[in-house]
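The structure under discussion appears below in the form of structure tokens.
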Amino acid sequence: MIEKTYTMIKPDGVANKHIGDIVGRFERVGLTIERMELSQVSEAEAKENYAEHEGKPFYDGLIAYITSGPVVKMVVSGENAVATVRKLMGATDPAEAAPGTIRGDFGLTMDENVIHGSDSVASAEREIGVFFG
């Protein structure tokens, strides 16, 4: 099924110059980059996107991290795009991510794990709205 997903190359992925490699991985498996923007996440966008985590011990650090530098925001489409992107990303914890996945190859820590991808079509629709209006 053709679907859209939201993906963000996080500040550590941008700072460490992994944009081209990550976009290339998406394109090589047949996904389409429908929209892409290099920008800074505002505090308001971050708080809206991560509202479900407010009050948790890691919340303030998450907001500070995601707003700390430029990110690449993308709308990616293709056959089973959500599952495909998540498979390419690898496990959330880079220490557990398989070699050959984005996080396995480029991730440093659980807090700086290079990339975000929507976990469902519903999440993708919400996140696209937050970051692209």
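Side-chain atoms are counted along with the backbone in the values below, which use heavy atoms only and exclude waters and symmetry mates.
If you chain together hydrophobic residues whose side chains sit under 4.5 Å apart, Val85 and Met8 never meet in one group. Note: the hydrophobic cluster containing Val29 also contains Ile19 (ILVMFWY, side chain heavy atoms under 4.5 Å, direct or indirect links). Ile9 and Ile63 fall into different hydrophobic clusters, defined by Ile, Leu, Val, Met, Phe, Trp and Tyr side-chain heavy atoms under 4.5 Å apart, directly or through other members.
Remark: Met36 engages Val23, Ile33, Val72, Met74 in a side-chain contact (heavy atoms from CB on, under 4.5 Å) (not counting sequence neighbours). Taking Thr101 as the reference, Ala97, Ala98 meet the side-chain contact (heavy atoms from CB on, under 4.5 Å) condition, with sequence neighbours excluded. When the side-chain hydrogen bond (donor to acceptor under 3.5 Å, both in side chains) test is applied to Ser68, no partner is found at least two apart in sequence or on another chain. Here Phe26 pairs with nothing under the ring-ring contact (aromatic ring centres under 6.0 Å, His included) rule; sequence neighbours left out. A search for salt bridge (Lys or Arg N to Asp or Glu O under 4.0 Å) contacts involving Glu37 returns Lys73, not counting sequence neighbours. Legend: residues meeting side-chain hydrogen bond (donor to acceptor under 3.5 Å, both in side chains) with Thr7, ordered by chain and number and at least two apart, are absent.
Pairs passing the salt bridge (charged side-chain N to carboxylate O under 4.0 Å, His left out) check and including a residue from residues 94-122, sequence neighbours excluded, read Arg25-Asp105. The list of ring pair (Phe, Tyr, Trp, His ring centres under 6.0 Å) pairs with a residue in residues 75-113, not counting sequence neighbours, reads His18-Phe106. Each salt bridge (charged side-chain N to carboxylate O under 4.0 Å, His left out) pair with one or both residues in residues 2-15, not counting sequence neighbours, appears once here: Lys4-Glu34.
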Apply the test side chain to side chain contact (heavy atoms under 4.5 Å, CB included) to residues Val76 and Tyr6: give CA-CA distance (whole Å), side-chain angles for both, the deciding distance (0.1 Å), then the verdict. CA-CA 6 Å; Val76 179; Tyr6 174 77; over 6 Å; no
CA sep, side-chain torsions, deciding dist, call: Met89, His116, side chain to side chain contact (heavy atoms under 4.5 Å, CB included): CA-CA 8 Å; Met89 289 189 322; His116 163 81; 5.8 Å; no
Are Ile115 and Leu88 close enough, and set up right, to give a side chain to side chain contact (heavy atoms under 4.5 Å, CB included), and what steps lead you there? CA-CA 10 Å; Ile115 192 164; Leu88 289 170; over 6 Å; no
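Contact annotation: the side chain of Ile22 approaches that of Val114 to within less than 4.5 Å [non-hydrogen atoms, C-beta and beyond]. Contact of the Glu79 side chain with the Thr84 side chain is not registered, since no non-hydrogen atoms from C-beta on lie closer than 4.5 Å. Within the 4.5 Å cutoff, side-chain heavy atoms of Pro11 are placed close to those of Ile66.
More than 12 non-hydrogen atoms from other residues, nucleotides or ligands lie less than 6.0 angstrom from CD of Gln40.
From Ile102, atom CD1 reaches atom CG of Asp21 across 8.0 Å, with rounding to the nearest 0.5 Å. To the nearest 0.5 Å, the span separating OG on Ser120 from CZ on Arg126 amounts to 9.0 Å.
The backbone N or O of Glu45 lies less than 3.5 Å from no partner atom in the side chain of Glu48, so there is not a single donor-acceptor pair.
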Report all side-chain donor-acceptor pairs from residues 53-61 shorter than 3.5 Å, counting only partners two or more places apart or in another chain.
{"unit_1": "His53", "atom_1": "ND1", "unit_2": "Lys56", "atom_2": "NZ", "d": "3.3"}

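Nearest approach of Asn113 to Pro94, heavy atoms of both residues: CB-CG, 3.8 Å. Across every non-hydrogen atom of Val14 and Leu38, the tightest pair is CG1-CD1, 4.2 Å.
Cluster note: Val82 groups with Val121 through ILVMFWY side-chain heavy atoms spaced under 4.5 Å, whether in direct contact or through intervening members.
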